[in-house]
Engineer: 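Pasting a structure here, questions to come.
Residues take their numbers from the sequence shown, with the count starting at 1.
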Amino acid sequence: MKTKKVKSAGRFGAGYGIKIKLKLNKVESKQRKKQTCPFCKKSGVKRLAKGIWNCSKCQKKFASGTYYIGE
Ligand SMILES: [Zn+2]
């Protein structure tokens with residue numbers, strides 16, 4: 001019983017780790033990409049804080065995804 005529990009937990013953990021790694025990679029690649037302003041379409045919008053973005057061209061502040069625009 002104990003052995004079975006450890007074995008299944010280990011398998012679950014490994015699969016879970018891969019999923020998290022893939023998800024983090026996806027988020028990181030989106031963060032590295034320059035963000036585009038939804039108002040003037042200029043790329044290079046800066047993130048001021050979590051979910052707050054500021055466009056240096058049209059000076060608009062807007063809320064979006066915490067780490068990247070969209071979603
Ligand atoms: Zn803009």
Side-chain angles (χ1 to χ4, degrees):
M1 195 63 172
K2 202 180 177 184
T3 315
K4 195 184 173 187
K5 198 180 175 184
V6 167
K7 197 182 173 187
S8 64
R11 205 178 61 188
F12 182 73
Y16 217 67
I18 288 164
K19 271 194 182 176
I20 285 170
K21 270 184 199 170
L22 288 175
K23 202 182 171 186
L24 280 176
N25 280 345
K26 209 177 161 189
V27 169
E28 276 180 8
S29 66
K30 278 194 183 182
Q31 276 182 274
R32 260 182 239 121
K33 232 165 60 175
K34 281 197 170 178
Q35 305 297 338
T36 305
C37 174
F39 301 101
C40 66
K41 305 297 176 196
K42 177 192 157 61
S43 68
V45 177
K46 281 183 181 166
R47 189 167 70 95
L48 293 180
K50 273 188 183 177
I52 312 285
W53 300 80
N54 181 52
C55 174
S56 58
K57 193 185 174 194
C58 63
Q59 299 299 315
K60 271 187 174 140
K61 275 184 200 170
F62 49 96
S64 190
T66 305
Y67 295 110
Y68 44 83
I69 293 167
E71 289 178 43

Engineer: Nearest 0.5 angstrom please: S43 OG to Q35 CD, how far?
Structural biologist: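 With rounding to 0.5 Å, OG (S43) is 9.5 Å from CD (Q35).
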
Engineer: Applying side-chain contact (heavy atoms from CB on, under 4.5 Å), can you list everything that pairs with K46, at least two apart in sequence or on another chain?
Structural biologist: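 Here no residue qualifies.
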
Engineer: In Å and rounded to the nearest 0.5 Å, what is the NZ to SG distance from K41 to C58?
Structural biologist: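 The NZ atom of K41 sits 10.5 Å away from the SG atom of C58.
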
Engineer: Mind checking what makes side-chain contact (heavy atoms from CB on, under 4.5 Å) contact with K61, not counting sequence neighbours?
Structural biologist: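 Expected list: L48, N54.
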
Engineer: So, taking the atom named SG in C37 and the one named NZ in K60, what distance separates them when rounded to the nearest 0.5 Å?
Structural biologist: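 Answer rounded to 0.5 Å: 7.5 Å.
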
Engineer: A side-chain contact here means heavy atoms from C-beta on lying under 4.5 Å apart; do P38 and F62 qualify?
Structural biologist: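 Yes. Closest side-chain heavy atoms under 4.5 Å.
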
Engineer: Say you draw a straight line from NZ of K23 to CD1 of I20; how long is it, rounded to the nearest 0.5 Å?
Structural biologist: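 With rounding to 0.5 Å, NZ (K23) is 8.0 Å from CD1 (I20).
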
Engineer: Please answer: with hydrophobic residues joined when any side-chain heavy atoms are less than 4.5 Å apart, are V45 and I52 in the same cluster?
Structural biologist: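 No, it is not one cluster - the side chains of V45 and I52 are not joined through contacts under 4.5 Å.
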
